[in-house]
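This report concerns only the one structure given below.
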Amino acid sequence: MVAPATNVPPVLDGPVPAEAVAPLMRGIAVLRQLTEAGGTLSLSGLERATGLARSTVDRITATLARMGYVRLDGRDAVLTPRLMELGNAYLAALRLPALLDAHADALADELDESVSLAVGDRDGIRFIHQATRRRAMSLSFRIGDLLPAERTAPGPLFATEWTPADWHRWHERRTADPADLGFPAIPPRTDDSGADFEAYAERARVDGWALDDQLIEPGLVAVSVPVRDPRTGRVACVASVVSHTSRRTATGLRDDLLPRLRATVVAMEAELRAELRVRPAAGTPAPPSGLAAWTGASKQELGREFVESLARGLTVLTAFGESRAELTLTEVARATGLARATARRALITYEHLGYVEAHGRTFTLTPRVLSLGFPPLSHTSLPEIASPHLAELAGRVEESASLAVLAGNAGAGSGAEIQYTARVATRRIVSANITVGTRLPAYPTSVGRVLLAGLPEPERRVPDLAPLTPHTVTDPAAFAQVLAEVRRQGYALVSEELEEGLRSIAVPVRDRTGRVVAAVNVAMHTTRRTAEQCVAEVLPELYGTASRIEGELRTAGRFTRVPLT
């Protein structure tokens, strides 16, 4: 089901400024609709949802695909993890997730309940961190999801600082959208919940905490405490403990866990005070990104199919980041390589749409930036990241390609196994009969050797080496030398050690810290390529594929946890 047709995102403050960039507004509309659709929508669906002409949708999605923000899959447009760099810019500039998420995670582990951090977004709230428990009944909100303030525990705490204009806007929104249809992350409102929100906010102001007793949906309860900015005393974010009535009542949650939540908030505020003492000077300019030159070259190559003003406008958001929370127009232009006039028009557009706020001569990003793809992408797994790249690899080398991880906590011990988590097979009469979920011993496989070689030294142990074929390496000293060679050369090539006639070559996939978390391989029958041909022809393609997967993994994993399976 698609949203009503609109040419641009909702106008926030009066008419569209004369200097606003119309193609940028249309591109934002496309990204918003893709986000609300869960990350995938057909091009005809985008046409209906945005009200834009099909030719305009085609040009916008082609531009977003060129930027790596969207992947065109047949008739569908699919958001890619690289788009998360826009939300990452906001979260890095905000600094709160980097400073406070360890405290939230520790509290979640201690209480065995979900813990979240949220910031205010006009008359709503957005999550900036989630530490969830794996349960059948558990929290399903995502980073960046927008909720109405009156149906949450954090909402009344933010509302204690609202101005009369804020309250007026809240009343107008409730009147215009009585069922909360503008908040796709939650079920529609079927009663008058939140009608006494002003009294709810006053009670939160007096108590210093707030309770959500099934306001969002039956069974969900939460207790919240504000985390205050040590510079201003205002609410910087709100920490919440969330549970289900099958485990705790709302009053039980308050009585049992509020003291521990308050103690964690005290530690969080101490963290913010300590950060102030070591914070680098604000406004440190980023080095020129080179994207402005890249957009010009893309325009030369693709012609009118590339909307240069959209690409350059999106580039402006990436100028912000850690130690760059507030930037002047000059600093934005310098960081992006754009002309001042181009950067200025983009900032005017973003301010109108609510993605940027102006403070005198400086600009800051708002939580609304998280609405550009972050919620659906924040739950992306490594196999989901890898699959389209594996498909491209398999198409180029005309052989099956796979992603695998070490299974469970086996490490390099006697029971070390690999598990295939993503795979793209080619149409061959003779091919490796491996499916997603298949487990194999690690030692006689190329992916297994890459993963074993990538383990930290204290975890490196030679596994039991059973002879599976006449070619299997079974001598422990020889196998240790094999792993040392894999570490040195950066790849593993295995011929007929798992099964006669099977040859495979693999390279590692590393996370943001440089740790080997997975391996990508290409497998084939020995008659199709010699070992030398694998190194000459397939290995460069493997390295390129692993690099692209790592790039998206780094972006997706900066402020979220990316599941490996």
Side-chain angles (χ1 to χ4, degrees), residues 10 12-13 114-128 139-141 144-229 233-245 248-255 257-258 261-262 265 354 366-368 370-371 375:
L12 298 180
D13 296 303
S114 295
V115 174
S116 65
L117 300 175
V119 294
D121 185 353
R122 295 171 74 89
D123 62 351
I125 70 160
R126 285 191 194 272
F127 294 106
I128 58 170
L139 187 69
S140 62
F141 294 125
D145 271 336
L146 177 67
L147 278 63
E150 69 275 9
R151 292 179 63 184
T152 69
L157 295 165
F158 288 114
T160 61
E161 298 178 345
W162 284 2
T163 65
D166 294 326
W167 281 107
H168 178 71
R169 181 170 54 242
W170 175 77
H171 282 291
E172 284 191 326
R173 189 259 295 165
R174 294 243 328 158
T175 301
D177 184 15
D180 290 338
L181 298 180
F183 299 88
I186 62 171
R189 178 154 43 95
T190 57
D191 55 25
D192 202 25
S193 59
D196 57 348
F197 185 53
E198 291 175 85
Y200 186 21
E202 176 59 23
R203 190 161 61 249
R205 186 190 65 79
V206 173
D207 294 340
W209 53 270
L211 200 65
D212 167 8
D213 190 357
Q214 307 179 78
L215 291 173
I216 293 177
E217 68 177 18
L220 185 66
V221 292
V223 62
S224 297
V225 173
V227 180
R228 297 193 177 274
D229 187 328
R234 293 177 62 83
V235 179
C237 67
V238 170
S240 305
V241 177
V242 186
S243 189
H244 192 270
T245 51
R248 301 177 188 271
T249 64
T251 54
L253 189 68
R254 177 199 63 198
D255 296 342
L257 304 187
L258 179 58
L261 175 58
R262 279 177 157 161
V265 167
T366 74
R368 188 153 299 204
L370 294 174
S371 71

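Just so it is clear, the structure is predicted and the values come from calculations on it, not from any experiment.
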Legend entry - Flag side-chain contact, heavy atom, 4.5 Å: P148 against R174: no
Inset, instruction - Check whether any side-chain heavy atom of D123 sits under 4.5 Å from a side-chain heavy atom of F197, and report yes or no. - result: no
Inset, instruction - For residues V221 and T245, determine if any side-chain heavy atom of one lies less than 4.5 Å from a side-chain heavy atom of the other. - result: yes
Inset, instruction - Compare every heavy atom of E161 with every heavy atom of G233, then report the nearest pair and how far apart it is. - result: O-OE2, 4.4 Å
Legend entry - Minimum heavy-atom distance between D212 and L215, given as atom pair plus value: OD1-N, 2.8 Å
Legend entry - Closest non-hydrogen atom pair, D213 against A250: CG-CB, 3.5 Å
Legend entry - Q214 side chain vs G219 backbone, donor-acceptor pair below 3.5 Å: yes
Legend entry - Side chain to side chain, D180 and E150, heavy atoms closer than 4.5 Å: yes
Inset, instruction - Would you indicate whether the side-chain heavy atoms of L181 and P188 approach each other to under 4.5 Å? - result: yes
Inset, instruction - Considering only NZ, NE, NH1 and NH2 on the basic side and carboxylate oxygens on the acidic side, decide whether R169 and E172 come within less than 4.0 Å. - result: no
Legend entry - Minimal non-hydrogen separation, C237 against L117, with atom names: SG-CD2, 4.5 Å
Inset, instruction - Give a yes or no on whether the backbone of G144 and the side-chain of R126 come within a donor-acceptor separation of less than 3.5 Å. - result: yes
Inset, instruction - Determine whether F127 and L370 make a side-chain contact, defined as any pair of heavy atoms from C-beta on separated by less than 4.5 Å. - result: no
Legend entry - Greater than 12 external heavy atoms within 6.0 Å of H171's NE2: yes
Inset, instruction - Decide yes or no on side chain to side chain contact (heavy atoms under 4.5 Å, CB included) for R368 and D121, but give the supporting numbers first. - result: CA-CA 7 Å; R368 188 153 299 204; D121 185 353; 3.6 Å; yes
Legend entry - Test side chain to side chain contact (heavy atoms under 4.5 Å, CB included) applied to R151 and F183, step by step: CA-CA 11 Å; R151 292 179 63 184; F183 299 88; over 6 Å; no
Inset, instruction - Would you check if the side chain of E217 reaches a backbone N or O of P187 as a donor-acceptor pair within less than 3.5 Å? - result: no
Legend entry - Close side-chain approach of I125 and V238, heavy atoms under 4.5 Å: no
Inset, instruction - Measure from the side-chain N and O atoms of S114 to the backbone N and O of V242, and report whether any donor-acceptor pair falls under 3.5 Å. - result: no
Legend entry - Least distance between heavy atoms, V265 atom then A239 atom: CG2-CB, 4.1 Å
Legend entry - Distance, nearest 0.5 Å, that separates CD1 of I186 from CG of D145: 10.0 Å
Inset, instruction - Kindly give the heavy-atom pair with the smallest separation between A210 and A153, and that separation in Å. - result: CB-O, 3.2 Å
Legend entry - Aromatic plane relationship, W167 with W162 - under 30° parallel, 30 to 60° tilted, over 60° perpendicular: perpendicular
